[in-house]
Amino acid sequence: MNENIKIANAIVHYVGNRVAEEGIKTSSHSLYIDDAMENMLKYYFLSPFKLEALCNFYHEAELKMNEVYSHVSAIFDDNNTLVEKSIDIAGCLYEHSNHPKINGGDFFVVLFKNCEVDHKLVDAIGLFKAENKERFLKVKHEKDDVSVDFDMGVNVQKLDKGCLIFNIEKEHGYVVAVVDRTKRGAEAKYWIDDFLHVVPRNDGSVSYTHLRAHETGR
């Protein structure tokens with residue numbers, strides 16, 4: 001699945017709950033991603049998106065005043081700004097994490113290459129937040145023994161919150177796909193309504209958009 005879509009750059013920060021004054025912990029360097037890690041991350045990031053219902057960034061006064069739209073546009077214009085702008089986007093998320101039930105979590109900003117949209121190859125920027133961690137067992141096979149330990153980690157089958165922004169139709173607020181597994185209570189609306197501030201596309205032209213690998217002949 002999505003074999004030829006490439007992760008060109010990625011970074012992760014921690015964004016806490018603003019009400020609890022948990023703050024932000026930022027990274028200064030992109031992630032090192034080998035082939036095995038790339039395949040796992042692509043599955044984790046991309047598989048939840050169905051792309052039946054798409055959105056556009058929006059602002060009541062002027063589109064460029066939508067902060068996420070503005071920062072994402074800067075990354076599309078110059079991919080080298082991803083680290084800098086990812087910190088700005090994390091700051092925006094923190095400002096909107098102001099409900100006591102919002103969980104802090106690891107916040108990924110990812111640049112994808114080779115996404116096919118309407119038969120065109122475009123870049124995409126992904127914003128993903130992992131709010132829930134689970135215990136998992138680690139079985140260690142040593143020379144004369146087998147032992148069991150446990151650790152906490154993110155379940156790659158369960159993306160909590162995600163957003164894919166395709167670099168197309170910039171003047172209309174880009175083509176945006178959103179995932180939010182929370183969808184409950186007042187604490188859920190902050191991701192879609194407050195942070196991203198997107199609205200459903202109203203032109204009906206949603207069926208042409210496909211997230212798939214571009215065949216490179218490998």
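Quick note: residue numbers are just sequence positions, from 1.
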Exercise. How about E60 and H197: does a side-chain donor come under 3.5 Å of a side-chain acceptor?
Worked result: yes
Exercise. Excluding sequence neighbours, so at least two apart, what forms side chain to side chain contact (heavy atoms under 4.5 Å, CB included) with D77?
Worked result: K170
For this session: Apply ring pair (Phe, Tyr, Trp, His ring centres under 6.0 Å) to F108 and list each qualifying residue two or more places apart in sequence or on a separate chain.
Result: F45
Exercise. Side-chain contact, heavy-atom cut-off 4.5 Å: V198 with N56?
Worked result: no
Exercise. Can you check whether I24 reaches F107 side chain to side chain, under 4.5 Å on heavy atoms?
Worked result: no
For this session: Only counting residues at least two apart or in another chain, list the ones meeting salt bridge (Lys or Arg N to Asp or Glu O under 4.0 Å) with E38.
Result: none
Exercise. Hey, are the side chains of I89 and F195 touching, using non-hydrogen atoms and a 4.5 Å cut-off?
Worked result: yes
Exercise. With no hydrogens and no angle check, is any side-chain donor or acceptor of N79 less than 3.5 Å from a backbone partner on I75?
Worked result: yes
Seminar exercise, completed: Taken in chain and number order and not counting sequence neighbours, the residues that satisfy salt bridge (Lys or Arg N to Asp or Glu O under 4.0 Å) with D123 are K113
Problem set entry | Closest non-hydrogen atom pair between L82 and V109, with its separation | CD2-O, 4.2 Å
For this session: Using the rule that two of Ile, Leu, Val, Met, Phe, Trp, Tyr join whenever any of their side-chain heavy atoms come within less than 4.5 Å, decide whether V19 and W191 are in one cluster.
Result: no
Exercise. Are L164 and L46 close enough, and set up right, to give a side-chain contact (heavy atoms from CB on, under 4.5 Å), and what steps lead you there?
Worked result: CA-CA 9 Å; L164 281 174; L46 301 180; 3.9 Å; yes
Problem set entry | Apart from Y58 itself, residues in the same hydrophobic cluster as defined by side-chain heavy atoms under 4.5 Å | V199
Problem set entry | Polar side-chain atom of S97 near backbone of L93 as donor-acceptor pair, under 3.5 Å | yes
Exercise. Roughly how far apart are M65 CE and H59 NE2, rounded to 0.5 Å?
Worked result: 4.5 Å
For this session: Any chance you could lay out the side-chain contact (heavy atoms from CB on, under 4.5 Å) test for E116 and I5, step after step, and finish with the verdict?
Result: CA-CA 9 Å; E116 187 172 331; I5 293 177; over 6 Å; no
For this session: Measure the shortest side-chain to side-chain distance between Y190 and N98 over non-hydrogen atoms and say whether it is less than 4.5 angstrom.
Result: no
Seminar exercise, completed: In this structure, CD1 of I125 is separated from SG of C115 (nearest 0.5 Å) by 10.5 Å
Problem set entry | Note, V176 side chain near L196 side chain (heavy atom, < 4.5 Å) | no
Exercise. What pairs with H29 under side chain to side chain contact (heavy atoms under 4.5 Å, CB included), at least two apart in sequence or on another chain?
Worked result: none
Exercise. Can you tell if the side chain of I165 reaches within under 4.5 Å of the side chain of F76, non-hydrogen atoms only?
Worked result: yes
Seminar exercise, completed: Value for CG (D88) from OG (S70), rounded to nearest 0.5 Å, stands at 9.0 Å
Exercise. Heavy-atom distance under 4.5 Å between the side chains of F49 and L159, does that happen here?
Worked result: yes
Exercise. Tell me, do L111 and I7 make a side-chain contact under 4.5 Å, heavy atoms counted?
Worked result: no
Problem set entry | More than 12 heavy atoms of other groups within 6.0 Å of D78 CG | yes
For this session: Just jot down the side chain to side chain contact (heavy atoms under 4.5 Å, CB included) partners of Q157, sequence neighbours excluded, or say none.
Result: Y43, N155
Seminar exercise, completed: Minimal heavy-atom distance between T81 and A74, with the atoms involved, is OG1-O, 3.4 Å
Exercise. Just by modelled atom types, is the N4 backbone N or O under 3.5 Å from a matching donor or acceptor in the N114 side chain?
Worked result: yes
Exercise. Is there a chain of hydrophobic side chains (I, L, V, M, F, W, Y, each step under 4.5 Å between heavy atoms) that links M37 to V110?
Worked result: yes
Problem set entry | Verdict with supporting geometry, D180 and D160, side-chain contact (heavy atoms from CB on, under 4.5 Å) | CA-CA 6 Å; D180 186 352; D160 293 318; over 6 Å; no
Exercise. Any side chain to side chain donor-acceptor pair (under 3.5 Å) pairs touching residues 8-19, not counting sequence neighbours?
Worked result: N9-S30, H13-S86, R18-E95
For this session: Mind checking ring pair (Phe, Tyr, Trp, His ring centres under 6.0 Å) for Y69 and listing every partner two or more places apart, or none if nothing turns up?
Result: Y174
Exercise. Taking only residues two or more places apart in sequence or in another chain, which ones pass salt bridge (Lys or Arg N to Asp or Glu O under 4.0 Å) with K158?
Worked result: E134
Exercise. Crowded around E142 CD? As in, over 12 foreign heavy atoms under 6.0 Å?
Worked result: yes
Seminar exercise, completed: Across all chains, not counting sequence neighbours, the salt bridge (Lys or Arg N to Asp or Glu O under 4.0 Å) partners of E131 are K129, K161
Problem set entry | Gap separating the CD1 atom of I102 from the CD atom of E22, nearest 0.5 angstrom | 10.5 Å
Problem set entry | Partners meeting ring pair (Phe, Tyr, Trp, His ring centres under 6.0 Å) with Y44 (sequence neighbours left out) | none
Exercise. Is there a donor-acceptor pair under 3.5 Å between the side chain of T26 and the backbone N or O of I87?
Worked result: no
